[in-house]
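This report concerns only the one structure given below.
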Amino acid sequence: MSDFVITASDKHMKLATWNVNSLKVRLPHVLKWLEDNPVDILCLQELKTVDEKFPLAEIEAAGYHAVFSGQKTYNGVAILSRHPMTDVVKNNPLFEDTHQRIIAATIEGIRIICVYIPNGQSLDSDKFVYKMNWLKSLHEWVKAEMVRYPQLAILGDYNIAPEDRDVHDPAAWVGMTHVSAPERNAFRDLLGLDMKDAFRMFEQPEKLFSWWDYRQMGFRRNAGLRIDHILLTQPLAARCTECVIDKVPRKWEQPSDHAPVIATLS
DNA sequence: ATGGCTTTAAACTAAAGA
């Protein structure tokens with residue numbers, strides 16, 4: 001009998017991430033998307049609202065627990081989960097930050113880290129220095145967390161297109177943030193902690209992105225970048241059977257400029 | 001074309017995003 005007991009780590013799980021670019025504006029999209037895609041865990045970025053205005057009642061009515069870390073106007077992250085969450089941590093304890101860009105929780109034995117990595121603005125800006133310092137500190141923290149939590153996933157908006165094939169027009173992006181060598185090295189350093197980019201574990205369509213510029217009909221021209229990622233430690237990567245980007249909500253009225261990314265664990 | 005589009009906060013304009 002005990003041979004057939006299903007333990008938490010054997011449960012089929014779907015993990016997703018979505019930069020919603022204002023939860024106030026996009027709440028109807030989030031609720032509709034969860035109806036169509038009842039994932040176990042959804043990490044959200046760019047809430048752009050304070051915690052007092054987080055739509056907890058609506059999220060709970062949809063069958064989800066929620067933990068969140070918001071601020072006025074900018075940034076803000078949340079984890080929605082069908083299962084209870086424990087050991088919630090807001091921001092990287094190794095990095096003093098006035099921005100709310102990280103929230104972590106343990107769900108069904110999996111350590112989930114939801115990140116909104118800084119944009120960087122331009123390579124010669126103070127914001128780029130901030131982005132690189134932020135990434136360096138994230139690496140240090142994740143390295144330590146992996147020892148405590150062998151089953152660890154980092155989901156979010158990385159604001160890094162890891163390779164040229166993740167960029168609609170690599171020539172047009174030369175010298176821009178999101179594609180520079182230091183940013184790509186920082187992404188590779190995270191993979192170097194023995195993590196897998198879930199999307200690249202599988203055969204994927206060419207030119208599939210997770211963000212498209214609002215301007216100049218970026219989505220219709222497929223002028224996009226793949227900057228939203230799900231990184232998995234080996235024990236989770238071994239269970240990952242699929243990773244997809246869902247372009248459907250990008251076609252809805254008044255969409256976020258990002259699309260959700262979903263990983264399935266067996 | 002330091003433009004293009006969207007959001008927020010505030011105030012009829014500016015900052016930030018990517």
Side-chain angles (χ1 to χ4, degrees), chain A residues 17-30 33 43-55 68-78 97-102 114-135 138 155-187 199 207-229 245 247 249-261:
Chain A
T17 179
W18 194 5
N19 178 325
V20 289
N21 185 19
S22 168
L23 185 55
K24 182 186 169 190
V25 174
R26 232 66 66 189
L27 180 62
H29 288 209
V30 171
W33 190 80
C43 295
L44 301 176
Q45 303 85 36
E46 284 210 87
L47 308 182
K48 295 188 169 181
T49 191
V50 292
D51 290 349
E52 292 71 29
K53 293 187 180 170
F54 187 91
F68 41 91
S69 178
Q71 68 183 91
K72 196 169 151 186
T73 314
Y74 301 117
N75 310 308
V77 285
D97 202 349
T98 57
H99 296 182
Q100 306 309 311
R101 295 180 174 277
I102 294 180
C114 171
V115 297
Y116 175 45
I117 293 178
N119 174 297
Q121 198 169 67
S122 63
L123 300 190
D124 59 358
S125 70
D126 291 345
K127 287 172 187 166
F128 190 77
V129 176
Y130 166 69
K131 180 177 193 172
M132 295 314 302
N133 288 335
W134 199 99
L135 282 163
L138 175 71
L155 303 92
D157 177 358
Y158 287 65
N159 275 314
I160 300 171
E163 300 176 71
D164 275 354
R165 61 177 165 161
D166 301 311
V167 180
H168 67 98
D169 183 354
W173 279 81
V174 170
M176 310 270 276
T177 182
H178 299 75
V179 303
S180 73
E183 290 164 278
R184 285 178 169 176
N185 288 341
F187 187 84
F199 185 81
K207 304 267 179 195
L208 178 53
F209 307 120
S210 68
W211 167 87
W212 299 263
D213 204 313
Y214 280 128
R215 297 164 291 187
Q216 298 177 311
M217 296 192 292
F219 186 64
R220 246 182 267 183
R221 294 188 298 117
N222 198 30
L225 302 174
R226 191 177 71 91
I227 53 177
D228 299 270
H229 309 297
I245 297 173
K247 288 167 72 168
R250 189 63 176 75
K251 300 167 188 168
W252 293 345
E253 198 75 22
Q254 202 179 9
S256 167
D257 42 357
H258 293 253
V261 185

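What you see is a predicted model; the values in this text were computed from it and never measured. The analysis underlying the following values was restricted to heavy atoms, covering all of them including side chains, and did not include hydrogens, waters or symmetry mates. Proteins get letters first, then strands, A, B, ... in listed order; numbering begins at 1 in each.
- By the ring pair (Phe, Tyr, Trp, His ring centres under 6.0 Å) test, A/Phe187 is found to be paired with A/Tyr158, A/His229, residues two or more places apart in sequence or in another chain being considered.
- Distances shown here put every side-chain N or O of A/Gln254 at or beyond 4.0 Å from the OP1 or OP2 atom of B/dC5.
- Going from atom CH2 of A/Trp252 over to atom P of B/dT6 covers 18 Å, rounded to whole Å.
- Residues forming a side-chain hydrogen bond (donor to acceptor under 3.5 Å, both in side chains) with A/Glu163 (at least two apart in sequence, or on another chain): A/Arg165.
- Comparing the C1' positions of B/dT2 and B/dC12 gives an interatomic distance of 22 Å, to the nearest angstrom.
- For the P atoms, the distance from B/dA14 to B/dA18 is 22 Å, rounded to whole Å.
- Comparing the same atom, C1', in B/dT7 and in B/dA11 gives a spacing of 16 Å after rounding to whole Å.
- Remark: the separation of the P atoms in B/dG3 and B/dA15 is 12 Å, to the nearest Å.
- Taking the six-membered ring for Trp and thresholds of 30 and 60 degrees, A/Phe68 and A/Phe54 have nearly parallel ring planes, at less than 30 degrees apart.
- The separation between A/Leu47 atom CG and B/dA9 atom C1' is 17 Å, rounded to whole Å.
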- Task: Go along nucleotides 10-18 of chain B 5' to 3' and tag each nucleotide: B for a protein heavy atom under 4.0 Å from its base, S when only backbone or sugar atoms are that close, - otherwise.
- Result: S-----SSB
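- Each of A/Gln71 and A/Gln216 lies near DNA chain B, and the nucleotide nearest A/Gln216 is the one positioned closer to the 5' end.
- Residues satisfying the salt bridge (Lys or Arg N to Asp or Glu O under 4.0 Å) test with A/Arg101, not counting sequence neighbours, are none.
- Separating the P atom of B/dA10 from that of B/dG4 is a span of 25 Å, rounded to the nearest Å.
- In this structure A/Pro255 satisfies the side-chain contact (heavy atoms from CB on, under 4.5 Å) test together with A/Arg250, sequence neighbours excluded.
- A/Phe199 pairs by the ring pair (Phe, Tyr, Trp, His ring centres under 6.0 Å) definition with nothing, not counting sequence neighbours.
- Rounded to whole Å, atom C1' of B/dT8 lies 14 Å from atom CG of A/Leu23.
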